[in-house]
**Q** 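Have a look at this one.
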Amino acid sequence: MSSRTEPPNPVPPVAEARPRSAPIHRAWMIALVAGLTIVAAAAFAAMPGLLVTPLNTEYAWSRASIALASSVNMVVYGLIAPFAAAMMDRFGIRRIALAALAVIVVGAGLTTVMTASWQLTLYWGLLIGAGAGSLSMTFAATVAHHWFLERRGLVVGALTGSSAFGQLVFLPVLAWTVDERGWRPAVVTLALAAVTVAVLVALVLRDHPADLGLRPYGATVDVPRPRAEQGAARRTVRILFASVRSRQFWIIAGTFAVCGATTNGILWTHFVPAAQDRGMAVTVAAALVSTIGVFSLVGTVISGWLTDRFDPRRLLVLYYGGRGLLLTALPVLLGPEAGPAIVAFVVVFGLLDVATVPPTILLCRRAFGADGAVVFGWVNALHQVGAGTMAVFGGLTRDLTGGYGPVWLIAAGLCAVAALLAVRITRTDATTEG
């Protein structure tokens, strides 16, 4: 008889507990909603070029006065971004996103009942500019920083690319709506899109993973929610005052201002009405601008790859030089039909359109060290100032001369100046942490 005894009711061994994880991390849902928010905000940037001719026809407003609203929009868009980032640190991403979308909806709604050109400047320029500018690159960077430890660069790239994607998706639809139904239904369509996105933001978007008891994507330990930055706005202004004393700041900002003048300021604002002057249908012209948006996504990715491998200053010389040559040829290429020549123009221009961003960001980081991201925010503000100035200049030139010919050539000359400035940026990296 065996001496070993067995328990009458043996208890089966308990399996080791394994942490269960959701099949899709919540961070990707946050990124998706943030991307849709940027898409909706960016769609408003596609609209001014479609408004010029209808408003000129209905109200007999000068093209310069209409372009002034676009100019104010672009300038406010750029200036608000650094402060929007500070407000997100202070009050949270979700609250600021909802407030920005609300301002956009109010501005769009008031635009449909305006009766004077100054109201267009107030509603579209100031309100929509402030709302859309709050949901730009700084919004994308803040979401990625809070919710992602791994894949952060991928998320920033995808979210910033959402801006061009928003214009790509909405522009053909808006052009058809303006052509068939009028400009007011097109503006209402954008407002309804913003309302829909606001609902998604309220339901899904959260400020930080810790709010839901989660970790950022890729984190192996808990990450507490950062303390509210009450001095972030002061730091933003302090960095501005420090950087403007640097010659490098003005050279980098000068090249990027030319970038804004020769893309947002002229192509995105005046290409469609210029094409209409040559007899091209508005829907065809809008499709060409959308094509620029498609290839700008491709060009940005390629430029980022090149920036890791080559001198960013030389890349800027190549980009601005190529853009200048294209703008010089545009008056000859533009006609009533979308032939192979103009299609080739928009493809190559698209590849160069946003390609200047990765080299400019790297140069800011090299020149200003830890403050490089904030400095780039201010450089981007001057990009929008350049865009707004060219938008007004283009409208004024059209009013005075009856055409856009001189505008393309002056823009080409500015590109030549930017190419020359790029080689004067110093190569030495910053060694101090600001």
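In this text, all values refer to a predicted model and were calculated from it rather than measured experimentally.
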**Q** Between OG of S134 and CD1 of I104, what distance do you get to the nearest 0.5 Å?
**A**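 It is 8.0 Å, given to the nearest 0.5 Å.
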
**Q** I want to check something: taking the side chain as every heavy atom from C-beta on, are V204 and R26 in contact at a cut-off of under 4.5 Å?
**A**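 Yes, their side chains come closer than 4.5 Å.
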
**Q** Are side-chain heavy atoms of W183 and L50 found at a separation under 4.5 Å?
**A**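 Contact flag for W183/L50 side chains = no.
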
**Q** Taking all heavy atoms of L127 and all of G107, pick out the closest pair and write down the distance.
**A**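 In this case the closest contact between L127 and G107 is CD1-CA, 3.9 Å.
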
**Q** Looking at the rings of W176 and F170, which for Trp means the six-membered one, are their centres under 6.0 Å apart?
**A**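 No.
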
**Q** Measure the spacing between CG of L363 and CG of L316 and express it to the nearest 0.5 Å.
**A**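 Taking CG in L363 and CG in L316, the distance rounds to 6.0 Å.
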
**Q** At their closest point, which heavy atom of T356 faces which heavy atom of D353, and how far apart are they?
**A**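 Heavy atoms only, the tightest pair is OG1-O, 4.2 Å.
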
**Q** Taking side chain as C-beta onward, heavy atoms only, is S136 less than 4.5 Å from Y77?
**A**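 Side chain of S136 against side chain of Y77, heavy atoms only: contact under 4.5 Å found.
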
**Q** Looking at side-chain heavy atoms only, is the closest gap between L352 and F295 below 4.5 Å?
**A**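 Contact flag for L352/F295 side chains = no.
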
**Q** Taking atom CG of L240 and atom CZ of F249, what is their separation to the nearest 0.5 Å?
**A**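 So the gap between those two atoms works out to 6.0 Å.
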
**Q** How about S65 and S62: does a side-chain donor come under 3.5 Å of a side-chain acceptor?
**A**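 Looking only at side-chain atoms, S62 and S65 do form a donor-acceptor pair, the distance falling under 3.5 Å.
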
**Q** Would you say the side-chain atoms of T112 and R184 include a donor-acceptor pair closer than 3.5 Å?
**A**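 There is no such pair (donor and acceptor under 3.5 Å, judged by atom type) between the side chains of T112 and R184.
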
**Q** Run V106 and Y123 through side-chain contact (heavy atoms from CB on, under 4.5 Å) and show every step you take.
**A** CA-CA 8 Å; V106 170; Y123 304 152; over 6 Å; no

**Q** Would you find a donor on one side and an acceptor on the other, under 3.5 Å apart, between the side chain of Q384 and the backbone of M74?
**A**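 Yes, because the side chain of Q384 sits within donor-acceptor range (under 3.5 Å) of the backbone of M74.
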
**Q** Could you walk me through whether Q276 and V52 pass the side-chain contact (heavy atoms from CB on, under 4.5 Å) check?
**A** CA-CA 11 Å; Q276 288 180 278; V52 174; over 6 Å; no

**Q** Charged N to carboxylate O below 4.0 Å: is that the case for D207 and R95?
**A**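 Answer for the salt bridge query: no.
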
**Q** Looking only at heavy atoms, which two atoms of R206 and V201 are closest? And how far apart?
**A**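 Result for this residue pair: NH1-O, 4.4 Å.
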
**Q** So do the side chains of M47 and W124 get within less than 4.5 Å of each other, counting heavy atoms only?
**A**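 A side-chain contact under 4.5 Å exists here.
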
**Q** Is it the case that the side chain of R278 and the backbone of P331 share a donor-acceptor pair, with hydrogens and angles ignored and the cut-off at 3.5 Å?
**A**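 Answer holds: yes.
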
**Q** For V76 and A130, work out which heavy atoms get closest and say how close.
**A**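 Nearest pair, atom of V76 first, then A130: CG1-N, 3.4 Å.
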
**Q** Any side-chain heavy atom of L205 sitting closer than 4.5 Å to one from L200?
**A**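 No, side chains not in contact.
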
**Q** Is any side-chain heavy atom of L382 less than 4.5 Å from a side-chain heavy atom of W378?
**A**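 Side-chain contact under 4.5 Å: no.
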
**Q** Taking the inter-plane angle between the rings of H25 and W147 on a 0 to 90° scale, is it parallel (under 30°), tilted (30 to 60°) or perpendicular (over 60°)?
**A**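 H25 vs W147 ring planes: perpendicular.
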
**Q** Roughly how far apart are F376 CZ and F368 CZ, rounded to 0.5 Å?
**A**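 Between atom CZ of F376 and atom CZ of F368 there are 13.0 Å.
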
**Q** Can you confirm whether more than 12 heavy atoms, excluding those of M29, are under 6.0 Å from its CE atom?
**A**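 No.
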
**Q** Which heavy atom in C364 sits nearest to a heavy atom in V375, and how many Å separate them?
**A**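 C364 and V375 have their closest heavy atoms at SG-CG1, 4.4 Å.
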
**Q** Run the side-chain contact (heavy atoms from CB on, under 4.5 Å) check on V379 and T360 step by step: do they pass?
**A** CA-CA 9 Å; V379 168; T360 303; 4.2 Å; yes

**Q** List the residues meeting side-chain hydrogen bond (donor to acceptor under 3.5 Å, both in side chains) with R63, not counting sequence neighbours, and say none if there are none.
**A**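 So R63 forms no side-chain hydrogen bond (donor to acceptor under 3.5 Å, both in side chains) with any residue.
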
**Q** Any sub-3.5 Å donor-acceptor pair from S303's side-chain atoms to G299's backbone N or O?
**A**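 Not at all, since once roles are kept as given, no pair shorter than 3.5 Å links the two residues.
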
**Q** Taking the side chain from D399 and the backbone from A64, do they hold a donor-acceptor pair closer than 3.5 Å?
**A**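 Side chain of D399 to backbone of A64: a pair is present.
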
**Q** If you look only at distance, which donor and acceptor atoms sit under 3.5 Å apart when one is on a side chain in residues 402-425 and the other is two or more places apart or in another chain?
**A**
residue: Y404; atom: OH; partner: H270; partner atom: ND1; Å: 3.3

**Q** Under the criterion side-chain contact (heavy atoms from CB on, under 4.5 Å), which of I96, V199, L135 is the partner of L101?
**A**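 Single pass found, and it is L135.
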
**Q** Under the criterion side-chain contact (heavy atoms from CB on, under 4.5 Å), I'd like the reasoning laid out for T263 against H383: C-alpha separation, chi angles, the key distance, then a yes or no.
**A** CA-CA 10 Å; T263 53; H383 173 283; 4.1 Å; yes

**Q** Do the side chains of S71 and T389 get nearer than 4.5 Å, heavy atoms only?
**A**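 No, side chains not in contact.
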
**Q** Could you tell me whether the side chain of R94 and the main chain of A202 form a donor-acceptor pair under 3.5 Å?
**A**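 A pair under 3.5 Å: yes.
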
**Q** May I ask you to check whether Y217 and W28 place their ring centers less than 6.0 Å from one another?
**A**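 They qualify: ring centres under 6.0 Å apart.
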
**Q** Got a second to check how far R247's CZ is from I252's CD1, nearest 0.5 Å?
**A**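 Rounded to the nearest 0.5 Å, the CZ-CD1 separation comes to 11.0 Å.
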
**Q** Can you list the residues that meet the side-chain contact (heavy atoms from CB on, under 4.5 Å) rule with A102, with sequence neighbours excluded?
**A**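 Expected list: none.
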
**Q** Between A186 and L174, what is the shortest heavy-atom contact and its length?
**A**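 Result for this residue pair: O-CD2, 3.6 Å.
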
**Q** Would the distance check show the side chain of R309 and the main-chain N or O of W305 forming a donor-acceptor pair, the cut-off being under 3.5 Å?
**A**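 Confirmed, R309 side chain pairs with W305 backbone.
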
**Q** As an exercise, state the distance from CD of Q119 to CG of L126, rounded to the nearest 0.5 Å.
**A**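 Separation between the atoms: 13.5 Å.
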
